[in-house]
Amino acid sequence: QVQLVESGGGSVHLGGSLRLSCVFNGVGMDYYHMAWYRQFPGQERTFVASLTARGFAAYADSVKGRFTISRNNGLQIAHLEMTKVTFEDTATYYCNAVNGKEYWGQGTQVNVSP
């Protein structure tokens with residue numbers, strides 16, 4: 001069983017930076033495909049970034065060049081570094097882990113203010 005716990009959300013000014021964290025409580029994060037998704041009010045979750053167990057990263061076009069996903073398998077934690085944030089980045093961000101089974105965190109809210 002895997003439990004994902006996100007943190008690091010909050011308010012950030014337009015153009016600023018924020019780092020989200022996802023603690024992987026379970027065994028074998030090394031073997032999991034880790035990802036971040038976000039959800040805008042009234043909409044479905046959408047893909048933000050992913051990082052495979054082998055270290056291949058992928059990003060949504062809307063965040064490419066601004067966000068960076070990383071992982072530390074030894075500490076069993078993943079991060080999403082957000083820079084140059086825009087109002088359109090205001091959302092609830094969810095951590096996701098997949099290795100056959102799929103797990104989600106509870107979400108962390110990010111609000112971009114003027």
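We find the NE2-SG distance between His79 and Cys22 to be 9.5 Å, quoted to the nearest 0.5 Å. Separating the CD1 atom in Ile69 from the CG atom in Leu80 is a distance of 6.5 Å, to the nearest 0.5 Å. In this structure, CE in Met34 is found 9.5 Å from CD1 in Ile77, a value given to the nearest 0.5 Å. In this structure, Cys95 SG and Glu6 CD are separated by 5.5 Å, a value rounded to the nearest 0.5 Å. In this structure, OH on Tyr37 lies 5.0 Å from CG on Asn96, to the nearest 0.5 angstrom.
Tyr59 has its ring centre no less than 6.0 Å from the ring centre of Phe67.
When all heavy atoms of Thr90 and Gln109 are compared, the closest pair comes out as CG2-NE2, 4.2 Å. Closest of all the heavy-atom pairs between Leu14 and Val85 is CD1-O, 3.4 Å. The heavy-atom pair separating Val2 from Tyr103 by the smallest distance is O-CD2, 3.4 Å. Nearest heavy-atom pair, Ser50 versus His33, reported as atom, atom and distance to 0.1 Å: CB-NE2, 3.3 Å.
Checking Thr92 against Gln39 by side-chain atom types alone, no donor-acceptor pair falls below 3.5 Å.
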Test Phe24 against Tyr32 for ring-ring contact (aromatic ring centres under 6.0 Å, His included), laying out the working first. CA-CA 10 Å; Phe24 182 101; Tyr32 280 76; 5.0 Å; yes

One pair to check against ring-ring contact (aromatic ring centres under 6.0 Å, His included): Phe47 and Trp36. What are the steps and the verdict? CA-CA 7 Å; Phe47 170 78; Trp36 288 92; over 10 Å; no

Step by step, would you call Tyr94 with Gln106 a side-chain contact (heavy atoms from CB on, under 4.5 Å)? CA-CA 7 Å; Tyr94 294 90; Gln106 81 287 352; over 6 Å; no

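Under the 4.5 Å side-chain heavy-atom criterion for ILVMFWY residues, no single connected hydrophobic cluster contains both Val48 and Leu4. The hydrophobic cluster containing Met29 does not contain Leu75, counting ILVMFWY residues as joined when their side-chain heavy atoms lie under 4.5 angstrom apart, directly or transitively.
Residue Phe40 places its CZ atom among more than 12 non-hydrogen atoms of other residues, nucleotides or ligands, all under 6.0 Å distant. Gln43 CD: more than 12 foreign heavy atoms inside a 6.0 Å radius. More than 12 heavy atoms of other shown residues, nucleotides or ligands fall within 6.0 angstrom of atom CZ in Phe87. Heavy atoms from other residues, nucleotides or ligands lying under 6.0 Å from NZ of Lys101 number 12 at most.
Evaluated for a side-chain contact (heavy atoms from CB on, under 4.5 Å) with Arg38, the options Val63, Thr108, Leu20 yield exactly one hit, Val63. A side chain to side chain donor-acceptor pair (under 3.5 Å) with Arg66 is found for one member of Thr86, Thr83, Asp89 and no other, namely Asp89.
Under the 4.5 Å side-chain criterion, counting only non-hydrogen atoms from C-beta, Val12 is not in contact with Asn111. Residues Leu51 and Phe56 have side chains not in contact (no heavy-atom distance under 4.5 Å, counting atoms from C-beta outward). A 4.5 Å side-chain heavy-atom check between Val110 and Met82 finds at least one atom pair inside the cut-off.
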